[in-house]
Structures are given as structure tokens and as C-alpha cells.
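Working notes, structure below.
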Amino acid sequence: MPSRARTLWLPKLVIAPSFVLSLLFIYGLMAWNGVLSLSASRMLPNYEFVGLAQYEALFESERWWVALRNLGIFGGLFVGGGMALGLLLAILLDQKIRLEGLLRTIYLYPMALSFIVTGTAWKWILNPGLGLEHLVQEWGFADFSFGWLVDPDMAIYCVVIAGIWQSAGFVMALFLAGLRGIDDSIIKAAQVDGASLPRIYWRIIIPSLRPVFFSTLMVVSHLAIKSFDLVMALTAGGPGYATDLPATFMYTMAFSRGQIGLGAASATIMLATVAAIVVPYLYSELRGTRR
Amino acid sequence: MMARPRLSPARLLLLGALLLFALFFLAPLYVMLSASLKSMDEIRNTSLLALPASPSLQAWATAWSAACTGTDCGGLKPFFLNSLLMVLPAVGISTSLGALNGYVLSKWRFRGSELLFALMLFGVFMPMQVVLLPMSQVLGWLGLASSVWGLILVHVLAGIPSTTLFFRNYYAGLPDELIKAATLDGASFWQIFRRIVLPLSAPILVVTLIWQFTNIWNDFLYGVVFSGADSKPITVGLNNLANTSSSVKEYNVDMAAAMIAGLPTLLVYALAGKYFVRGLTAGAVKG
């Protein structure tokens, strides 16, 4: 017979290590990173307090602004494009297609692969000379050129293409789950009233997917802010630093340029951005389940 | 294809669109696979989409055991083994802890446990850049810097929030009466877990194992920051291989290497895609 006292402390004891370790890992290291971002650390961490000097340096750095601008372009197109394509795929697949299972599998498999793997593949496909450019030229369009990957102004759009390719299936899966949850009778009633299918989707079905929209938006935009691997595999931030994102900026500063304080400051900005998106979302989700 | 007379033009258009999208999604995989079976001459002289004329596994062999990643020319084999060494314990430990935590958080709640869990949940979304610098110092102090063990530790720590979330949500669906009845019969905390909860856990166990396996196998950030010369995972090996600036670029070897790095997760996806999708959606929605 377990004593009452024992059943009271045992669960706490079991979960304590995970709580302590993960809260230290999350908030302890977060705070520590914050301290580093206020220090004069360069090659090695030191704790000479310099106030907001690293943040000032960060926002005076042209490279950081390039990274932010890229995040704007990449984030906007990756989130917008990925969600549009994902929703389109979900709606198309929702039309009682025989091959639905197979098509779903095909649309979603990129998500199972590492960005490093798919980035390596896309790098070759988008390679001027050997990839797509070569292919279209062989089709008889001798003047076709496609040099986005090595063009500092266009390379970020290559990252967008590969990013959307990778994530659209994931968005599709989320929307498809949402679509399956919609009551058929509403649609039937609208059909009886003579509404066309596109109109039903536009007026009834898509608006009722609002909660799915919201959570998909949260997840996809936080992925955009964290994007690192894809850029590293596809362009390594280049040409020059034309495709830097905050995540690759942080990595370069902290681990190859010996600018630890600056790297920590950029990480804090990333954290703040993700928190601004995710915290309200988590709050509403958790409150929802606590009835 | 069988002629199906009831196929309306709209329906044909729909199917056409779906198939075109399928081609778009499959193209990179096809390009990777076909290029990995070609010789370099063939790659230079034929187009991206041409089938390999005389398929050969030569590039795969080179990628596995002879390709250069930076200064080393031992292929991907050592990286692949590092990834295996890393992924098995990391997945096992993070999943076990998640199961225990989920059990406590759903069936043995105590004052404050929900709040602590909510705080933990932020770890699912936190940008990992924020822990990189302090973590590398911690690993140094622990003597785990540049080792597979350090990577295992980081993956376990980073994985606990999501594994806990998965199990907690799943266990919340198990009827509380089951636990109450067992308690009245005198079953202990552990007996209930082993005899009642664990046997009912197969579905969520599979989801979590697959989710963790895919995430940890595919990780690049921790691998590139925390590993040393002898502990680099496969993603770092592949990236080094593909970005080695040698005089002659062997694209067939690059593509074979990418296939090798991607095969384990592709295989898991092919065998248990349903559970993979469940993991994806569980990570995305629902608290």
C-alpha cells in the first residue's frame, strides 16, 4: 500500500529534473544570452558591462539591415506564398479525389527531409549553367538565362522558392485537417440555395477556417524567423552577405567573426520577435484548454 | 488510363492541376536520384531531367567512403555513424522523459504544475540562437564540448518541451476513472504507469519517436555549432561536402550524398507517414 505522503511527493520528484533542466535551459540560458548581449564580449565571452552598446552597433551595422530586409522579403513571401499554396492544395485535394492519399504523401514528403538535403538539391537545380537554365536552353530557348542564385538582388528569392516547396505540404496538411472538420450540412444547404462551389469556399468555408489560419500563421512565421539551414545549404548567406537572415547573421558573428556580444544581441532581437508572435498565441491556446 | 466518361472538363482541370503540383514536388527528388546515378560526363552533357543512360552506383560509393568534406576524404560514413550514435540515445531519453512528464502533468497534477508546463511550452517555439552561446560554455564546463555526448544532451534538453506536450495531450484523453480505480485498488504511481498507462501509449509513442528522430536527424544548427572534428552529424558532413570548393565539382557525388543523408527520414516517412503528419500537426496546434 503506497502511503498517502508518498503519492504526494513522488510525481513532483519525477517531473522535477525535467522542469528544472528545461526551465534552466530555456530561461536560464535566455537570461545569460541577455547578459552577454550587454557585455563587451568579442572573441571570448567577458562580462564587462557596456549597456546597450552592442544593440547600437547592431542597428548601425549595414549587414544586420540586409538580414532584416531579407527576413521581410523571405518571411512575407514564405509565409504568404506557403499559406496560399498550401490552402490551394488542401482545397483541390478536398474534392473527393481518388488519389488523395498518394498525392498527400507526395506534397508532404519535403517536410521529412532536412533543409540541408533539400538545399543541396535546389542549389544544383538553380545553378546557372547546369540546372534549370541549361534545361530550358536545351528545350530550344537558347537565350534563356536564370542566374538568380548568383545575383545578389535575386538570390533571396531562390531561398523563397525552396522554402515554399518545403513547407507548402505542411500547411496543406493543417488546412486539410481543418476542412475535414467542417460540417457538410452547411455546404449542402448553400448548394441547395444555388451557390457555386468557388463561392461556397470563398464565402463560407475559408472564413470558417479562421482558427486554423491563425495557428498556421503563427507556426509558419516563427519558422521563417528561425530559418537557418536552408540559407546555409543554398547560398551560405551569399553572394557576399546578400542572403543573410538574422539566424545566419547571428551564427556568423558569434562563431566565425569573433563578435560574441553582437551575436548575442541579434539573438535577443530574434527572441523578442518570436515571443511577440508566439506568446499571445500560446496564452490563448492554453487558456482555451483550461476551460 | 481507363476512359471514365463521367469526367467533366472541370474535373479534368482539377486532376491536371493536382498532377502538375505533384511533379513540382517530386522534381527535386527525381533530379537528386537521377543525378546520383549518372557519371559526371553525362551530367555535363545531358539535361537535368534526362534519365541516366547507364545507371551506376559509383557516385554513391564515393559519397559514402571517399568524397572529400573539407580536408578529410573519408566520405560520409563517419558522419552517418555519428548521427546514429547521437540520434538513438537522444530520441530514447527525450521520449521517455516526455512520457513520464506527460503522465504526471495529466494524471498527477499539483499546484503550479500547469504554470510550469506553460513556461516550458515556450521552449517548443524559442529560437535556438538564443541558447547557442551560453550552451557552448556550459558544454565546455561539463567537458562535453565537441563530443557526441554534448549533442545528445542538447537534443534531449531541446526535445523535452515537445515530447512532454505530445504525451500530456494524449494522456489527458485517457479517462481519469481508470487511474482512480487503480489507486483505490492500491496500485502505486509506478504500477499505474507501467500496467495501465504505458500499454495504452503505443500511438503517441510512435508519433513522438518519429517526430524526435526526424528532428534530431535533420538538425544542422546544433551539429554545426557544438560538434568537433570527430562528432559531426550527417547534415554537417553533407554541407561540408557540398560546399567544398575543389577544382572539379562532382554533382553526382553531391546528390548521392544528399540522398544518403535524406534516406533514413524518407524511409521513416514512407513507412509511417501517418504518424509523422500527426506529430507535425500536434506540434503546430492544440495546447
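Each chain gets a letter, A, B and so on, in the order the sequences are listed, and its residues count up from 1. All figures in this text were calculated on a predicted structure; none of them were measured in a lab.
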Is the shortest side-chain heavy-atom distance between [X] and [Y] below 4.5 Å?
X	Y	result
Asn218(B)	Thr265(B)	yes
Ile164(A)	Leu85(A)	yes
Trp32(A)	Leu133(B)	no
Pro127(B)	Ile225(A)	no
Phe122(B)	Met30(A)	yes

Measuring heavy-atom distances to chain A, does [X] have an atom under 4.5 Å in its side chain, in its backbone, in both, or in neither?
X	value
Ile43(B)	both
Leu29(B)	both
Ala158(B)	both
Met32(B)	side chain
Tyr251(B)	side chain
Thr164(B)	neither
Tyr269(B)	side chain
Met126(B)	both
Phe276(B)	side chain
Leu116(B)	both
Leu49(B)	both
Tyr103(B)	neither
Pro161(B)	side chain

(request) Describe, in one word, how the ring planes of Tyr251(A) and Phe255(A) are oriented to each other, choosing from parallel (under 30°), tilted (30 to 60°) and perpendicular (over 60°). (result) tilted
(request) Look at the aromatic rings of Tyr107(A) and Phe25(B) and report parallel, tilted or perpendicular, splitting at 30° and 60°. (result)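 Geometry flag for Phe25(B) against Tyr107(A): tilted rings.
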List the atom of [X], the atom of [Y], and the distance in Å for their closest heavy-atom pair.
X	Y	result
Ala242(B)	Thr120(A)	CB-CG2, 3.8 Å
Ala17(B)	Leu92(A)	CB-CD1, 4.2 Å
Asp219(B)	Gly223(B)	OD2-N, 3.0 Å

(message) Between Thr268(A) and Asn33(A), does the side-chain hydrogen bond (donor to acceptor under 3.5 Å, both in side chains) criterion hold? Intermediate values first, please.
(response) CA-CA 7 Å; Thr268(A) 308; Asn33(A) 179 80; 3.1 Å; yes
Just by distance, no angles: are the side chains of [X] and [Y] close enough, under 3.5 Å, to form a donor-acceptor pair?
X	Y	result
Ser18(A)	Asn101(B)	yes
Ser37(A)	Gln54(A)	no
Lys123(A)	Asn243(B)	yes

(request) Pull out the residues in residues 19-29 of chain A that come under 4.5 Å of chain B, heavy atom to heavy atom, sorted by number. (result)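 The stretch touches chain B at Phe19(A), Leu21(A), Ser22(A), Leu23(A), Phe25(A), Ile26(A), Tyr27(A), Leu29(A).
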In terms of heavy-atom pairs under 4.5 Å with chain B, which of [options] leads?
options	value
Val220(A), Leu36(A), Thr105(A), Thr118(A)	Thr105(A)
Val117(A), Leu103(A), Leu102(A)	Val117(A)
Ser266(A), Ala247(A), Ala173(A), Pro110(A)	Ala247(A)

Please rank [options] by heavy-atom pairs under 4.5 Å with chain A and give me the top one.
options	value
Leu241(B), Asn215(B), Asn239(B)	Asn239(B)
Val268(B), Thr214(B), Leu100(B), Val224(B)	Val224(B)
Val277(B), Leu221(B), Ile160(B)	Leu221(B)
Val236(B), Asp254(B), Leu238(B)	Leu238(B)
Leu105(B), Thr235(B), Leu14(B), Leu18(B)	Leu18(B)

Heavy-atom distance under 4.5 Å to chain B: side chain of [X], backbone, both or neither?
X	result
Lys12(A)	both
Trp122(A)	side chain
Phe214(A)	neither
Pro17(A)	neither
Leu282(A)	side chain
Leu223(A)	neither
Ala112(A)	both
Ala236(A)	neither
Met232(A)	both
Met270(A)	both

(message) Quick one: does any side-chain atom of Gln129(B) pair with a main-chain N or O of Ala267(A) as donor and acceptor, under 3.5 Å?
(response)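 Answer holds: no.
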(request) Show your reasoning for whether side chain to side chain contact (heavy atoms under 4.5 Å, CB included) applies to Phe117(B) and Leu165(B). (result) CA-CA 8 Å; Phe117(B) 171 67; Leu165(B) 171 72; 3.8 Å; yes
(message) If you take the centroid of each ring, where Trp contributes its six-membered ring, are Phe228(A) and Phe115(A) closer together than 6.0 Å?
(response) no
(request) Before accepting this row, confirm whether a basic side-chain N of the pair Lys38(B)/Glu250(B) lies closer than 4.0 Å to the acidic partner's carboxylate O. (result)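 Between Glu250(B) and Lys38(B) there is no salt bridge, as every charged N stays at least 4.0 Å from the carboxylate O atoms.
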(message) Walk me through whether Arg180(A) and Phe175(A) qualify under side chain to side chain contact (heavy atoms under 4.5 Å, CB included).
(response) CA-CA 9 Å; Arg180(A) 295 288 140 88; Phe175(A) 278 126; over 6 Å; no
(request) Please assess Leu89(A) against Leu93(A) for the test side chain to side chain contact (heavy atoms under 4.5 Å, CB included), listing each intermediate value before the final yes or no. (result) CA-CA 6 Å; Leu89(A) 290 174; Leu93(A) 269 188; 5.6 Å; no
(message) Checking Met218(A) against His222(A) for the side chain to side chain contact (heavy atoms under 4.5 Å, CB included) test, could you report, in this order, the C-alpha distance in whole Å, the side-chain angles of both residues, the deciding distance, and whether it holds?
(response) CA-CA 6 Å; Met218(A) 296 295 116; His222(A) 109 276; over 6 Å; no
